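Note that this is a predicted model, so its numbers are computed, not measured.
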Amino acid sequence: MKYCDFNGCRNKISRGTYCEDHKRSRKSIKKKQKKKHIYHHDNKQFYNSKAWRDTRSFVYERERGCCQRCGRFVHGRRAHVHHIIEIKKDPTLRLDENNLMLLCPQCHIIEENKDKEKVQPVFPKYFQAPPAKF
């Protein structure tokens with residue numbers, strides 16, 4: 001017997017992590033798993049490949065770490081490599097250096113939504129700065 005892992009819960013359980021009061025339903029677990037794979041779920045294997053990492057590094061070095069739209073220096077996870085022609089439209093261009101550009105997160109949002117004014121915008125609030133507090 002051990003205690004439930006929920007913060008402050010004193011219920012004892014014989015197996016598992018949480019007691020019946022704090023255990024998640026199967027429906028909520030599936031919903032969370034589905035939500036986890038929102039971005040690039042079809043291309044996940046491609047984005048984890050060595051060929052992509054090498055191409056991404058080449059584009060970063062070619063642009064010397066500066067965003068091609070605004071000229072701001074970007075580093076690490078903030079350096080987004082954008083496909084000019086989407087992978088969905090032409091998969092053969094996915095590793096073509098001439099089809100890739102380095103962008104900062106703000107410019108990446110603008111580029112992604114450039115041709116999709118009437119369609120649901122991609123990354124709507126994902127990279128925006130938090131509101132200023134006065």
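Not a single side chain to side chain donor-acceptor pair (under 3.5 Å) links N48 to another residue, sequence neighbours left out. Y18 pairs by the ring pair (Phe, Tyr, Trp, His ring centres under 6.0 Å) definition with nothing, not counting sequence neighbours. For K2, the side-chain contact (heavy atoms from CB on, under 4.5 Å) test picks out I13, with sequence neighbours left out. Taking the side-chain contact (heavy atoms from CB on, under 4.5 Å) definition, one finds that L93 meets it with I85, D90, D96, N99, sequence neighbours left out. With sequence neighbours excluded, no residue satisfies ring pair (Phe, Tyr, Trp, His ring centres under 6.0 Å) with F73.
Once rounded to the nearest 0.5 Å, the distance linking SG of C104 with CD of E111 reads 10.0 Å. The distance from atom NZ of K23 to atom CD of E20, rounded to the nearest 0.5 Å, is 4.0 Å. Note that SG of C70 is 8.5 Å distant from CD1 of I110, once rounded to the nearest 0.5 Å.
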With side chain to side chain contact (heavy atoms under 4.5 Å, CB included) as the criterion, how do H80 and L102 come out once you've worked through the C-alpha distance, each side chain's angles and the decisive distance to 0.1 Å? CA-CA 6 Å; H80 295 200; L102 185 70; over 6 Å; no
Would you sort out whether C9 and H22 count as a side chain to side chain contact (heavy atoms under 4.5 Å, CB included), showing the intermediate values? CA-CA 9 Å; C9 182; H22 300 114; 3.4 Å; yes
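Looking at R69 and Q106, their side chains never come closer than 4.5 Å, going by heavy atoms from C-beta outward.
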Throw together a table of side-chain donor-acceptor distances under 3.5 angstrom for residues 54-64, partners on residues two or more places apart or in other chains.
unit_1	atom_1	unit_2	atom_2	d
D54	OD1	K50	NZ	3.4
D54	OD2	K50	NZ	3.2
T55	OG1	A51	O	2.8
R56	NH2	A79	O	2.4
S57	OG	R53	O	3.0
Y60	OH	V74	O	2.8
Y60	OH	H75	ND1	3.3
R62	NH1	E97	O	2.8
R62	NH2	L100	O	2.9
E63	OE2	Q68	NE2	3.4

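Linking ILVMFWY residues whenever their side-chain heavy atoms come closer than 4.5 Å, directly or via other members, leaves I84 and I87 in distinct clusters.
Here side chain to side chain donor-acceptor pair (under 3.5 Å) pairs that include residues 3-17, with residues two or more places apart or in two chains, are N11-D21.
H83 places a side-chain N or O within 3.5 Å of a backbone atom of R94 that can act as its donor or acceptor partner.
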